[in-house]
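Just so we're on the same page: letters track the sequence lines, and every chain starts at 1.
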Protein chains: 2
Amino acid sequence: MAKVDTNKVMQQAERSCVEHGVRLTSKRKHILEVLLNAQAPRSAYEIADLYRQKTEENIPVMSVYRMLDFLMQNSLVHKLASNNKFIACAHIACSHSHQTPQFLICDNCQQVREIGVDKQLIHALEESIEHNHFQLNSPQLELHGLCETCQQDS
Amino acid sequence: MAKVDTNKVMQQAERSCVEHGVRLTSKRKHILEVLLNAQAPRSAYEIADLYRQKTEENIPVMSVYRMLDFLMQNSLVHKLASNNKFIACAHIACSHSHQTPQFLICDNCQQVREIGVDKQLIHALEESIEHNHFQLNSPQLELHGLCETCQQDS
DNA sequence: CAAATTATGATATATCATATCATTTCAATA
DNA sequence: TATTGAAATGATATGATATATCATAATTTG
């Protein structure tokens, strides 16, 4: 959501796909670009519309879902389960390895901030969960509230 | 999900609704009972089916959604955003006041454990989020993984 | 270039959810 | 107790999200 250098991010995305031996096709690239330029999370259907605007080509929603799956598998896109929308990973161009993403979702303006929660804290959370004999998959947290701007406006 | 004394829970639910001056109608009760007897979270449409089995009466899904809204407003039911299903609150019959619920969702058997995460930890999480100038609504966490049983089976 | 694999298209349909207006039920009170 | 107003529920339509499946196209690889 934050301002990003799309070109740089796309280059890094390509590099990463090459490394992993997967194909970042031009359609997949368009989908990722759409999300990088979006100001908020988008649904698959919204993405299909934006894709059409961007490329003047029609794209079946089915294909959008498949491409989103691909992008998610390669950590380029995340899905927000709490509102069924998709968002470009905020850390594609970062060198550090991807941690589990944590999202702050503004319920007013819908903007999302992808934050790195303190590792210690996540660790503590995991410990607490182990006490319940539960084996965590990936602790993606989605936290709803108000962003700084929307707090001031209200 | 855990074994509960349905009667006791229902009594407490009624008491709680009386206290709050809201009506726990018989249909709403049936919905809650369906969820209390369910072994896993259920979608609104599944709940409608279970309702029909239980009462041999038809119920429009629209009504189910409304009754679920009512039950959620009164903290008797929670919605799991990550899979669009509903679950009876595990703490209806507990005396202590309701904290924000935290869910451990088994991705194998779908069972859900509603846990109380350490308050300190939630507090720390909130602090960490305040550093991002974000004002949290309600930190309901949904954590996916494997329950004890399913860990052993795999 | 042929075969195999991967990606995408097309179509249908399942699943989840809300909007809206009509009807019924219930409780307050005149 | 009859009236009435509010709350609850029903009925209908439709929108939004998502998956299944089979067909076709593009790309890689031997």
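Residues B:Val18 and B:Leu24 fall into different hydrophobic clusters, defined by Ile, Leu, Val, Met, Phe, Trp and Tyr side chains chained together at heavy-atom separations under 4.5 Å.
Among residues at least two apart or in separate chains, ring pair (Phe, Tyr, Trp, His ring centres under 6.0 Å) pairs with a member in residues 7-56 of chain B are B:His30-B:Tyr51. Within the structure, the salt bridge (charged side-chain N to carboxylate O under 4.0 Å, His left out) test picks out the following pairs touching residues 28-37 of chain B (sequence neighbours left out): B:Glu14-B:Lys29, B:Glu33-B:Lys54.
By the side-chain hydrogen bond (donor to acceptor under 3.5 Å, both in side chains) test, A:Gln12 is found to be paired with A:Arg15, residues two or more places apart in sequence or in another chain being considered. With sequence neighbours excluded, the residues that form a side chain to side chain contact (heavy atoms under 4.5 Å, CB included) with B:Ser128 are A:Val117, A:Leu121. Applying the ring pair (Phe, Tyr, Trp, His ring centres under 6.0 Å) test to A:Tyr65 and every residue at least two apart in sequence or in another chain returns nothing. Under the ring pair (Phe, Tyr, Trp, His ring centres under 6.0 Å) criterion, A:Phe103 pairs with A:His78, sequence neighbours left out. With sequence neighbours left out, A:Asn7 forms a side chain to side chain contact (heavy atoms under 4.5 Å, CB included) with A:Asp5. For A:Glu148, the side chain to side chain contact (heavy atoms under 4.5 Å, CB included) partners two or more places apart in sequence, or in a different chain, are A:Gln152, B:His133.
Taking atom CE of residue B:Met67 and atom P of nucleotide C:dA17, one finds them 17 Å apart after rounding to whole Å. One can place CZ of A:Phe70 at 10 Å from C1' of C:dA7, the figure rounded to the nearest angstrom. One can place CZ of A:Arg28 at 14 Å from C1' of D:dA25, the figure rounded to the nearest angstrom. Taking atom NE2 of B:His30 as the reference point, atom P of D:dG10 lies 11 Å away to the nearest angstrom. The CG atom of A:Leu68 sits 15 Å away from the P atom of C:dA7 (whole-angstrom rounding). A straight line from CD of B:Glu57 to C1' of D:dA8 spans 15 Å, rounded to a whole angstrom.
Between A:Ala13 and A:Leu32, the shortest heavy-atom contact is CB-CD2, 3.9 Å.
Remark on the helix from C:dC1-D:dG30 to C:dA30-D:dT1: inter-end axis angle 20°, axes from five-pair C1' superpositions, rounded to 10°.
Between A:Lys27 and the phosphate of D:dA26, there is no side-chain N or O to OP1/OP2 separation shorter than 4.0 Å.
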Would you tabulate the nitrogen or oxygen pairs shorter than 3.5 Å linking the protein to nucleotides 17-21 of chain D?
from: D:dT17; atom 1: OP2; to: A:Ser43; atom 2: OG; distance (Å): 3.4
from: D:dA18; atom 1: OP1; to: A:Lys79; atom 2: NZ; distance (Å): 2.7
from: D:dA18; atom 1: OP1; to: A:Asn84; atom 2: OD1; distance (Å): 3.0
from: D:dA18; atom 1: OP2; to: A:Tyr65; atom 2: OH; distance (Å): 3.0
from: D:dA18; atom 1: O5'; to: A:Tyr65; atom 2: OH; distance (Å): 3.4
from: D:dA18; atom 1: N7; to: A:Tyr45; atom 2: OH; distance (Å): 3.0
from: D:dA18; atom 1: N6; to: A:Tyr45; atom 2: OH; distance (Å): 3.2

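At least one side-chain heavy atom of B:Leu80 sits under 4.5 Å from a side-chain heavy atom of B:Asn83. A heavy-atom distance below 4.5 Å is found between the side chains of B:Lys27 and B:Glu57.
Atom NE2 of A:His144 and atom SG of A:Cys106 lie 10.5 Å apart (nearest 0.5 Å).
Only at 4.0 angstrom or more do the heavy atoms of residues 48-56 of chain B sit from any atom of DNA chain D, so none qualifies. Contact check of residues 19-26 of chain B against DNA chain D (heavy atom, cut-off under 4.0 Å) returns B:Arg23, B:Thr25.
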